[in-house]
Amino acid sequence: MKLTREFYERDDVLTIARELLGKCLFTKLDDKVTAGIIVETEAYAAPLDKASHAYNNKRTSRTEIFFGRGGFSYVYLCYGIHHLFNVVTNKTDIPHAILIRAIEPVEGLSTMAIRRQKSQTNYSLTSGPGALSMALGINKRHNGIDLQENKIWLEDTSIRYANCQIQKGPRVGIAYAEEWADKPYRFKIKDNPWTSKPK
DNA sequence: ACAGAGATTAACT
DNA sequence: GTTAATCTCTGTA
């Protein structure tokens with residue numbers, strides 16, 4: 001069962017980021033299906049959030065997708081190399097988004113390994129925002145895709161995590177965002193080996 | 001028109 | 001621990 005438009009268009013981006021843990025992210029690209037359980041997310045709550053590309057309602061060709069409806073993909077290129085996959089949330093003109101930072105692979109492991117140019121699967125396959133995008137075959141051509149379609153989508157699962165299994169913390173790599181840099185907008189499953197391991 | 005920085009990763013030392 | 005990879009946007013001219 002795909003997550004509905006109503007799920008993405010709710011107001012509280014932190015609640016959605018928390019609820020995305022345990023959901024399953026699918027891609028069907030190049031006739032290959034790959035999927036993984038989401039184990040780490042970060043919320044970006046523009047226009048107030050200085051860490052967001054859409055801070056202060058800044059609109060560029062890159063950020064335009066933030067201002068559309070919830071339930072669309074936002075893929076952008078980081079450091080000129082890595083494609084980072086986000087889910088746009090909330091309604092038109094409210095630029096909220098959630099970065100998917102890590103997944104636990106469940107389907108298409110061999111396809112992921114080929115895309116990652118690894119001879120065998122291991123924990124580094126999808127543990128990081130750039131790595132999981134590569135494993136799933138996501139690149140900037142997939143910016144602005146409707147998650148109700150059958151290219152990239154999220155499904156509900158029977159997985160439910162208790163609050164004590166979820167670790168909240170500050171986001172990664174955004175020290176420039178001043179007072180926003182310390183906010184606990186990052187959610188991850190405690191002790192899950194597939195979560196990212198930043199220094 | 002050009003220089004500098006960034007929601008990162010992997011391959012070095 | 002350090003560094004290279006090199007796209008997009010911003011500030012300065």
Side-chain angles (χ1 to χ4, degrees), chain A residues 8 13-14 16-18 20-21 25 34 36 38-67 70 72-90 94-105 112-145 147 152 154 167-189 193-199:
Chain A
Y8 298 113
V13 67
L14 293 178
I16 302 173
R18 157 72 175 82
L20 282 182
L21 297 176
L25 172 62
T34 47
I38 297 170
V39 294
E40 185 170 345
T41 63
E42 284 180 7
Y44 286 82
L48 296 177
D49 187 347
K50 289 179 182 172
S52 172
H53 294 155
Y55 169 61
N56 201 22
N57 286 319
K58 183 174 66 178
R59 294 178 92 123
T60 66
S61 56
R62 189 174 71 159
T63 63
E64 195 60 34
I65 191 66
F66 275 83
F67 297 89
F72 282 75
S73 65
Y74 169 54
V75 180
Y76 85 99
L77 199 53
C78 185
Y79 296 103
I81 300 184
H82 304 290
H83 299 280
L84 271 57
F85 174 74
N86 298 246
V87 174
V88 176
T89 68
N90 216 313
I94 303 182
H96 286 179
I98 298 167
L99 170 68
I100 309 301
R101 287 193 59 85
I103 63 173
E104 177 177 335
M112 293 190 199
I114 292 168
R115 286 175 177 149
R116 297 277 287 124
Q117 302 189 343
K118 291 185 177 298
S119 55
Q120 56 184 20
T121 61
N122 62 42
Y123 289 137
S124 69
L125 197 62
T126 56
S127 58
L132 79 87
S133 296
M134 190 186 300
L136 294 174
I138 294 171
N139 60 52
K140 71 175 185 179
R141 289 186 299 117
H142 307 114
N143 186 39
I145 285 182
L147 301 179
I152 303 174
L154 279 74
Q167 222 170 5
K168 286 206 277 184
R171 290 170 293 184
V172 178
I174 55 154
Y176 62 88
E178 300 172 30
E179 70 272 24
W180 292 89
D182 296 325
K183 292 194 179 293
Y185 279 17
R186 178 182 185 211
F187 300 85
K188 63 185 287 193
I189 306 302
W194 295 96
T195 55
S196 70
K197 302 159 193 74
K199 36 183 163 31

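Bear in mind the structure is a predicted one, so any value in this text is a computation, not a measurement. Computed from heavy atoms alone, side chains included, the values below leave out hydrogens, waters and symmetry copies. Convention: sequence-line order gives letters A, B, ...; per-chain numbering from 1.
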A:E42 bridged to A:R171 by N-O distance under 4.0 Å: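 A:R171 and A:E42: not salt-bridged.
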
Atom of A:N86, atom of A:L84 and distance for their closest heavy-atom approach: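 Nearest pair, atom of A:N86 first, then A:L84: ND2-O, 3.5 Å.
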
Residue pair A:L21 / A:E40: nearest heavy atoms and the distance that separates them: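 Heavy atoms of A:L21 and A:E40 come nearest at CD2-N, 3.5 Å.
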
Atom CD of A:Q120: over 12 foreign heavy atoms under 6.0 Å: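 No, the 6.0 Å shell around CD holds no more than 12 heavy atoms from other groups.
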
Spacing of A:I174 atom CD1 relative to B:dA5 atom C1', expressed in whole Å: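 Answer to the nearest Å: 15 Å.
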
Side-chain (A:S196) to main-chain (A:P129) donor-acceptor, under 3.5 angstrom: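 Absent.
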
Phosphate OP1/OP2 of B:dT9: any A:R116 side-chain N/O under 4.0 Å: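 No, A:R116 has no side-chain N/O under 4.0 Å of OP1/OP2 on B:dT9.
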
Given A:L132, A:I103, A:I38, A:L125, the one that forms side-chain contact (heavy atoms from CB on, under 4.5 Å) with A:W194: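 Output: one option passes, namely A:L125.
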
Residues in contact with DNA chain C, drawn from residues 119-134 of chain A - heavy-atom cutoff 4.0 Å: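 Residues of residues 119-134 of chain A under 4.0 Å from DNA chain C: none.
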
Heavy-atom protein contacts under 4.0 Å, nucleotides 5-10 of chain C, coded B base, S sugar-phosphate only, - none: BBBSSS

Option passing ring-ring contact (aromatic ring centres under 6.0 Å, His included) with A:Y74 (candidates A:Y8, A:F67, A:F66):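 Of the listed options, the one satisfying the test is A:F66.
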
Rounded C1' spacing from C:dT8 to B:dA10 in Å: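 Pairwise C1' distance, C:dT8 against B:dA10, rounds to 22 Å.
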
Inter-residue atom distance A:T121.OG1 - A:R116.CZ, 0.5 Å rounding: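 Reported value, rounded in 0.5 Å steps: 11.5 Å.
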
Nucleotide paired to B:dG4 in any strand shown, Watson-Crick or G-U, under 3.5 Å: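 C:dC9 - that is the nucleotide pairing with B:dG4, both distances being under 3.5 Å.
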
